[in-house]
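Side chains included, hydrogens not; waters and symmetry mates left out as well; all remaining heavy atoms used. Below, chain A is the first sequence line, B the second, and so on; all start at residue 1.
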Amino acid sequence: MVTRIGPSPTGFIHLGNLYNAIIGERLAHQSAGVFFLRIEDTDAKREVPGAVDTILSSMQFFGIEFDEGATGSGDNGNYQPYRQRQRKNIYQAIAKHLVQKGLAYPCFCSEESLNQMRETQQKQKLDFGYYGKWATCRNLSLEQIEAYLTENKSFVLRFRSAGNAKNSETVFDGIRGNLSVQQNYQDFILLKSDGIPTYHFAHVVDDHLMRTTHVVRGEEWLASLPMHIETFDALGWERPVYCHTAQLMKQDGESRRKLSKRQDPELALDYYRAEGYLPAVVWEYLLTVLNSNYEEWHLANPQKDLDSFPFSLEKMSTSGALFDIVKLNDISKEILIKMPAEQIYDELVSWAQTYNKPFAAVLNANPAYAIKAISIGRSGDRPRKDIYCHRQAAEFFSFYYDELFQIEDELPQNVNETTEKEILQRYLQDFDIKDSQEQWFAKIRVLTEELGYAPQPKLYKKNPEAYRGSIVDVSNTIRRAITGRLNSPDLWEICQILGNERVRKRVLLKINK
RNA sequence: GGCGCGUUGGAGAAGCGGCUUAACUCACCAGCCUUUCACGCUGGCAUUCAUGGGUUCGAAUCCCAUACGCGUCACCA
């Protein structure tokens, strides 16, 4: 199979781009085919400088590898160039051929007259567009055309459609199966007045010339499919297999809608880089959405690489999936927990260097300390799955550093500020950094009972009247004083890492507050 | 408004006419484990597949209609 992606260099590259890229990449490379990158820059107005680099670096970041196409240093492959504006002559040559065959004609209609036409059509509840009697330039005589041309009037080149709205045909879609498609009857634009093709024409020409076998694109293109197939047929070219993917959606109150650039930061691929998600996480999440049997396969083959999963078009859903960041986070936790602490440290540092400088500084100041801190609770059969992205990890590990430490959570249920002081005073009094974990905890248990708290949560649950609270409240009060939170890895280990002085300082701080 | 696509639990979904008392994963809830929070384990979570008809001995699965959602109708892609 030969597949491709054709992003526009608008500076914004999103999840949908990656989504389709993964499909194309899998399809091509699973079949020992070719996957290439074409830059669809036919709309110069929307082009943003440096956007091609953004596309390249995003795709590279997510491990999408192209066999041919645009690269940072020119184009690479058999069907160059891969940037549409540079292919102007090719489109024009094909267009000329269509004109000669009577399948295309120049149209001199002005923007105003087209707008007027649309208004009338709307009023009369007719189909919009340039067709039938509305296609006023369709039957211009050669003399008229010549006259306009000598006047230097600007024009576009339109396709002369032979289709009829009443006819429809069945087209096979790689994802959706047989589709019933209404025939195209619109004389749509092939070449814009600047001589650059529209998407519709560029797609047909390029994908034919570049030997694309499978066109993977979003379902928003379904509506223009009739134009594309009519163009392929008119040119006598073989149609590719179209694969129209479903859109990623987002729950918005009662209804769901397409992910939107303005409202949903998670649409942008940059978001995942900035948040510090590993590329493999996004890949894997997208794969679960694309082929939901991936999860089962992964469970059955935990040691196998993503690439050996047999991806299939037939397994793809035709309805738009809701984007689920919670699920993505879960996948991320699973991946991160399998990673050695040293590697997490490296990833964290390289992320923090651009996205969280203060954290990078603190990390770099003492790598051994950071790795020890990261390591707590990660070993053994039942490791903690605390972190899912670098941004969150930076927050999670912040209490190990005095310059970042702060109290975040409220006091536990059965503790007020007075009892907090009581607990902490007793804790500090008994605290000895040299205590073993057992000794350390035995002291907490004694303290708990002396202050009228239940030494076991069960006891308190059974008889809440008899106690002020349970050991849960006591240990969480201590935990909060030292880590700022009610949820942390093992407290004793944390104390060992922080050291006697800092533990005492933090506890004292709460006592004297 | 025309045309097209879609509709299985809170989410992703499996299912493709009898093996389904609708799989699996996430979420949620409960219990257990645990000094705590987590992690882990066990169990619960759709008598029902948008609704209404029909075909059939038998339907989530096939057909028709309705409803709802989404997309599209640019010299944007």
With heavy atoms under 4.0 Å as the rule, sort A/Ser488 into base, sugar-phosphate or nothing.
base
Are the side chain of A/Thr198 and the backbone of A/Ile189 linked by a donor-acceptor contact shorter than 3.5 Å?
yes
Report the residues that fulfil salt bridge (charged side-chain N to carboxylate O under 4.0 Å, His left out) with A/Glu284, sequence neighbours left out, ordered by chain and then residue number.
none
Which part of the nucleic acid does A/Arg118 contact within heavy-atom distance under 4.0 Å: base, sugar-phosphate only, or nothing?
sugar-phosphate
Rounded to whole Å, please give me the gap between OH in A/Tyr185 and C1' in B/G4.
12 Å
Residues passing the side-chain contact (heavy atoms from CB on, under 4.5 Å) test with A/Glu450, sequence neighbours excluded, are A/Arg426, A/Val446
Just checking A/Gln437: base, sugar-phosphate only, or nothing, at a heavy-atom cut-off of under 4.0 Å?
base
Reckon A/Lys315 touches a base, only the sugar-phosphate, or nothing at all at heavy-atom distances under 4.0 Å?
sugar-phosphate
Can you list, in residue-number order, the parts of residues 166-176 of chain A that come under 4.0 Å of RNA chain B, counting heavy atoms only?
A/Arg176
Assign the ring pair A/Phe309 / A/Tyr294 to parallel, tilted or perpendicular, where the plane angle (0 to 90°) is split at 30° and 60°.
perpendicular
With sequence neighbours left out, write down each residue that passes side-chain contact (heavy atoms from CB on, under 4.5 Å) with A/Tyr460, or none if nothing qualifies.
A/Asn414, A/Ala454, A/Pro464, A/Tyr467, A/Ser470
Would you indicate what A/Glu296 reaches in the nucleic acid, counting non-hydrogen atoms under 4.0 angstrom: base, sugar-phosphate, or nothing?
base
Mind calculating the distance between CE (A/Met316) and C1' (B/C5) to the nearest angstrom?
14 Å
Annotated structure of RNA chain B as dot-bracket, pair cut-off 3.5 Å, Watson-Crick or G-U only, | for inter-strand, is ((((((((.[[[..)..(.....]]].(((((.......))))).....[[[[[..)....]]]]])))))))....
A/Leu222 CG to B/U72 P, in whole Å, measures 11 Å
Tell me, for nucleotides 63-69 of chain B in 5' to 3' order, what letter each nucleotide earns: B for a base near a protein heavy atom under 4.0 Å, S for only sugar-phosphate near one, - for neither?
-------
Could you list the residues that satisfy side-chain contact (heavy atoms from CB on, under 4.5 Å) with A/Asn167, not counting sequence neighbours?
A/Asn164, A/Gln183
Considering the options A/Phe188, A/Tyr242, A/Trp221, A/Tyr91, which one meets the ring pair (Phe, Tyr, Trp, His ring centres under 6.0 Å) requirement together with A/His203?
A/Tyr242
Electrostatic pair A/Arg384:A/Asp490 at N-O distance under 4.0 angstrom:
no
Look at all strands and tell whether A/Thr42 reaches a base, only sugar-phosphate, or nothing, counting heavy atoms closer than 4.0 Å.
sugar-phosphate
Treat primed atoms plus P, OP1 and OP2 as sugar-phosphate and everything else as base, then score nucleotides 25-33 of chain B 5' to 3': B for base contact with protein heavy atoms under 4.0 Å, S for sugar-phosphate contact only, - for none.
BSS-----B
Heavy-atom closest pair (A/Ile374 atom, A/Ala341 atom, distance to 0.1 Å) is CG2-CB, 4.0 Å
Tell me the salt bridge (Lys or Arg N to Asp or Glu O under 4.0 Å) pairs involving residues 110-129 of chain A, sequence neighbours left out?
none
Applying a 4.0 Å non-hydrogen cut-off, can you work out what A/Ile444 is touching in the nucleic acid: base, sugar-phosphate, or nothing?
nothing
Could you check whether A/Val472 gets within reach of a base, just the sugar-phosphate, or nothing at all, counting any heavy atom under 4.0 Å?
sugar-phosphate
Could you work out, with ring-ring contact (aromatic ring centres under 6.0 Å, His included) as the rule, every residue matching A/Phe431, not counting sequence neighbours?
A/Tyr427
By side-chain contact (heavy atoms from CB on, under 4.5 Å), which residues pair with A/Glu296, not counting sequence neighbours?
none
A/Arg217 CZ - B/G71 P separation (whole Å):
17 Å
For RNA chain B, which residues in residues 186-203 of chain A have a heavy atom at a distance below 4.0 Å?
A/Ile189, A/Lys192, A/Ser193, A/Tyr199
